[in-house]
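Working notes for the structure below.
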Amino acid sequence: MKEMTPLEEIRHSSAHILAAAVLRLYPETKLDIGPPTDSGFYYDFDSSIPFTPEILEKIEAEMKKIIKENQRFERIEVSREEAKKIISDMGQQTYKLGRLDDIPDEESISFYRNGEFHDLCAGSHVSYTKKVKAFKLLHVAGSYHRGDSNNKQLQRIYGTAFQTKDELTEHLERIEEAKKRDHRNIGREMGLFHIDDMVGQGLVLWKPKGAIIRQELENFISEELNKQGYSQVFTPHVGKLDLYRTSGHFPYYQDSQYPPIIHRDCLTSLAQEGCTCSELSNKLEEGEIDGYLLKPMNCPMHIRIFRSEQRSYRDLPIRLAEFGTVYRWEQSGELNGMTRVRGFTQDDAHLFIREEQLQEEIQGCLGLVKLVFSVLGMNDYRVRVSLREPDSDKYVGEPEAWDKAETALREAVKTLEVDYEEELGEAAFYGPKIDFVVKDVIGREWQLGTVQVDYNLPERFDLSYVGSDNKDHRPVMIHRAPFGSMERFCGVLIEHFAGNFPTWLAPEQVRILPMNDDLIEHAEKLMGQLKQKGIRTSIDSLSGKLGAKIRKAENDKIPHMLIIGKKEAEQEKVSVRSRANPKLDGSRSLDEFSAAVTSEIKNKDLPFKRQSKAKD
RNA sequence: GCCCAUGUAGCUCAGUCGGUAGAGCGCGUCCUUGGUAAGGACGAGGUCGGCGGUUCAAAUCCGCUCGUGGGCUCCA
């Protein structure tokens with residue numbers, strides 16, 4: 001028997017009660033599986049009746065009845081033959097027999113029984129249904145049997161359960177709170193970005209305020225690149241299909257690319273020949289006709305820059321960096337605000353190195369990723385060593401090269417001094433990688449920073465440098481992006497700060513609040529002085545009384561407010577009210593204030609954390 | 001791409017049984033000139049996502065389509 005925590009037992013038992021309730025109401029339903037999860041439980045059903053929200057309510061009511069009946073959970077150990085009989089007697093052969101086959105011979109086979117309901121189950125469970133005191137069904141979602149999209153899609157009912165009603169209420173309230181920091185809401189409220197139907201799904205429009213944040217982040221990275229021996233380059237957004245045939249992107253990843261761009265003369269003559277769509281597709285794949293591709297990755301272009309000159313071992317490492325925009329045709333159901341989009345800008349770089357430089361260079365890249373995260377106070381990430389899936393054919397290159405790359409990454413990650421886990425099947429098609437993964441407000445994980453080792457593309461593009469022995473040698477490549485993509489990173493960053501950005505990133509750093517219109521002129525003078533020092537400043541001359549101006553500035557999440565009344569104007573002082581740094585609060589000279597803000601910006605100080613008093 | 005849900009003013013949402021629309025915030029004009037989280041009055045904004053159907057009549061019912069949300073699959 002598997003031992004579960006008390007909470008897991010409650011959730012697991014809730015799943016059984018759910019299935020029992022569904023069978024009472026809809027006896028034709030076929031059951032698949034229903035485990036506990038990190039935040040609740042689910043059960044997968046095959047039913048011709050769509051489970052609407054109304055039906056969910058009915059099911060929930062039936063579950064409450066079952067709990068009230070206080071059925072005992074009873075474990076029954078059986079032989080394989082007996083198990084088959086129980087499953088058949090219940091009419092649940094469709095999925096349960098397959099699940100039975102999954103149980104290895106040496107393991108015992110058990111059912112859990114509560115009331116009239118039996119389920120093939122290793123356990124464990126609570127003793128009686130009444131032990132489930134606080135649960136709620138949340139929503140229905142489609143899910144493929146065994147997670148394979150070739151299989152039938154089942155209906156998954158999600159729910160959650162806790163040991164007490166208070167904990168359940170608290171959990172539901174937390175979900176509501178989290179929605180408020182969702183980057184899609186904050187991004188709209190603060191005017192950071194916009195995704196427009198007419199422009200296209202998953203294509204982000206950065207509005208002026210969002211553009212400031214992105215620009216600051218790019219400047220931050222650029223400064224680090226200059227310190228660390230990178231050279232910045234620019235490359236176009238489209239390239240010939242041949243480039244991507246060589247790299248292997250086309251046609252193998254055709255499904256996740258925008259369709260190729262083909263010249264209209266070529267299309268016209270193909271049309272005259274009566275060329276069908278599938279013939280066109282074949283001709284493209286075989287290289288009979290050429291076209292251009294919206295670039296899905298920057299590396300092929302950087303590789304061609306490397307190749308454009310003869311390289312000596314003395315030149316290496318060559319580190320080419322670019323904020324490069326790439327386009328990928330993500331499935332429509334996958335798109336999500338800024339975190340999963342169809343056009344995004346990577347803070348990309350490719351390092352061309354000698355093999356013996358591999359350790360040092362990987363560690364340099366990892367250090368940069370770690371620096372970026374620590375400057376932004378993002379300590380809540382996990383590190384994943386993404387390795388290839390053995391026996392899979394989705395990778396290019398020789399196993400020996402993969403082994404070398406994987407070993408190098410394993411060694412490098414140890415120097416990071418953080419916990420990490422290895423995961424099979426997460427590698428890129430050309431090489432293994434180390435990924436920095438963070439969670440969004442809903443608990444979904446997103447890959448941000450990444451460092452990847454690649455022996456394959458140098459091979460495919462026949463790259464070489466001249467060694468000290470005067471012979472040609474093959475360089476190794478590292479792909480790395482500390483933010484990953486500007487879009488995704490900013491989305492996560494918005495949620496991380498809940499819109500309360502540190503001053504260096506805040507689109508509006510200081511807002512001056514004049515007490516009355518007579519003081520606007522004075523306020524403009526002060527604004528001029530602050531702008532001279534490079535501080536992004538504005539004046540609120542519209543919002544009515546002081547209280548209203550303060551409220552507006554708080555809601556706009558402005559780091560610093562300067563309140564200017566008659567008193568301040570006469571004494572040549574400003575009254576500071578600061579979210580980012582409460583130490584600045586109070587009356588002081590403008591110079592003193594601007595010096596403090598300038599140093600805050602220069603040092604990229606993180607905002608002081610305090611709860612907002614506002615009620616929404 | 002698939003399943004379910006959903007789409008009404010810039011935003012958040014109400015709109016009963018089918019009888020051509022409402023609120024709050026925001027925005028505009030005017031009044032108010034104020035001391036640390038909302039001063040007041042008036043006003044302008046909507047082919048009810050789009051197309052088609054049923055009906056004397058559609059925001060409301062049906063079909064298709066586009067977008068969005070939550071999942072599943074995918075993520076070089």
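Lettering follows sequence order; numbering is per chain, from 1. Quick caveat: nothing in here was measured; it's all calculated off a predicted structure.
- When the side-chain nitrogen and oxygen atoms of A/R577 are compared with OP1 and OP2 of B/A37, one or more of them lie within a distance under 4.0 Å.
- Comparing the P positions of B/G50 and B/C66 gives a spacing of 15 Å, expressed to the nearest Å.
- A salt bridge does not link A/D182 with A/K179: none of the charged nitrogens is closer than 4.0 Å to a carboxylate oxygen.
- A distance of about 27 Å separates the C1' atoms of B/A76 and B/C3, rounded to the whole Å.
- Using a 4.0 Å heavy-atom criterion, one finds that A/S575 contacts the bases of the nucleic acid, with or without backbone contacts as well.
- Ring-centre distance between A/H560 and A/F593: below the 6.0 Å cut-off.
- Consecutive pairing runs in RNA chain B reach the stem threshold at B:1-7 with B:66-72, B:10-13 with B:22-25, B:27-31 with B:39-43, B:49-53 with B:61-65, where a stem means at least three Watson-Crick or G-U wobble pairs with distances under 3.5 Å.
- A glycosidic torsion no more than 90° from 0 defines the syn conformation; B/G49 lies beyond that range and is anti.
- Ring geometry for A/H249 versus A/F429: interplanar angle over 60°, hence perpendicular rather than tilted (30 to 60°).
- Distances shown here put every side-chain N or O of A/R156 at or beyond 4.0 Å from the OP1 or OP2 atom of B/G70.
- Within the 4.5 Å cutoff, side-chain heavy atoms of A/Y42 are placed close to those of A/P35.
- Nucleic acid contact class of A/Q257 (heavy atoms, under 4.0 Å, all strands): base.
- When the side-chain nitrogen and oxygen atoms of A/N336 are compared with OP1 and OP2 of B/G70, one or more of them lie within a distance under 4.0 Å.
- Using C1' as the reference atom, B/C72 and B/C62 are 29 Å apart when rounded to the nearest Å.
- Put simply, CZ on A/R579 is 17 Å from C1' on B/U36, counting in whole angstrom units.
- The phosphate of B/U12 (OP1 or OP2) has a side-chain N or O of A/R188 nearer than 4.0 angstrom.
- At B/U68, none of the side-chain N or O atoms of A/R184 fall inside 4.0 Å of OP1 or OP2 (strictly under the cut-off).
- A salt bridge between A/K209 and A/D556 is absent, with no side-chain N of the basic residue lying under 4.0 Å from a carboxylate O of the acidic one.
- Look at the P atom in both B/C64 and B/C42: the space between them is 48 Å, to the nearest Å.
- Remark: the separation of the C1' atoms in B/C27 and B/C11 is 11 Å, to the nearest Å.
- A cation-pi contact, defined as under 6.0 Å to the ring centre and within 45° of the axis, is absent between A/R245 and A/Y252.
- Distances shown here put a side-chain N or O of A/Q201 below 4.0 Å from the OP1 or OP2 atom of B/G67.
- Comparing the P positions of B/G7 and B/C61 gives an interatomic distance of 10 Å, to the nearest angstrom.
- Each of A/P50 and A/M297 lies near RNA chain B, and the nucleotide nearest A/P50 is the one positioned closer to the 5' end.
- Dashed line: the shortest gap from a side-chain N or O of A/S332 to OP1 or OP2 of B/G1 is under 4.0 Å.
- Using a 4.0 Å cut-off between charged side-chain N and carboxylate O, A/K552 and A/D540 make no salt bridge.
- If you check the side chains of A/T235 and A/K295, you find a donor sitting under 3.5 Å from an acceptor.
- Between the C1' atoms of B/G43 and B/A9, the separation comes to 15 Å (whole Å).
- Rounded to whole Å, the separation between the P atoms of B/U60 and B/U47 comes to 16 Å.
- The nucleotide whose nearest atom lies closest to any side-chain atom of A/E330 is, among B/G39, B/C2, B/C75, B/C75.
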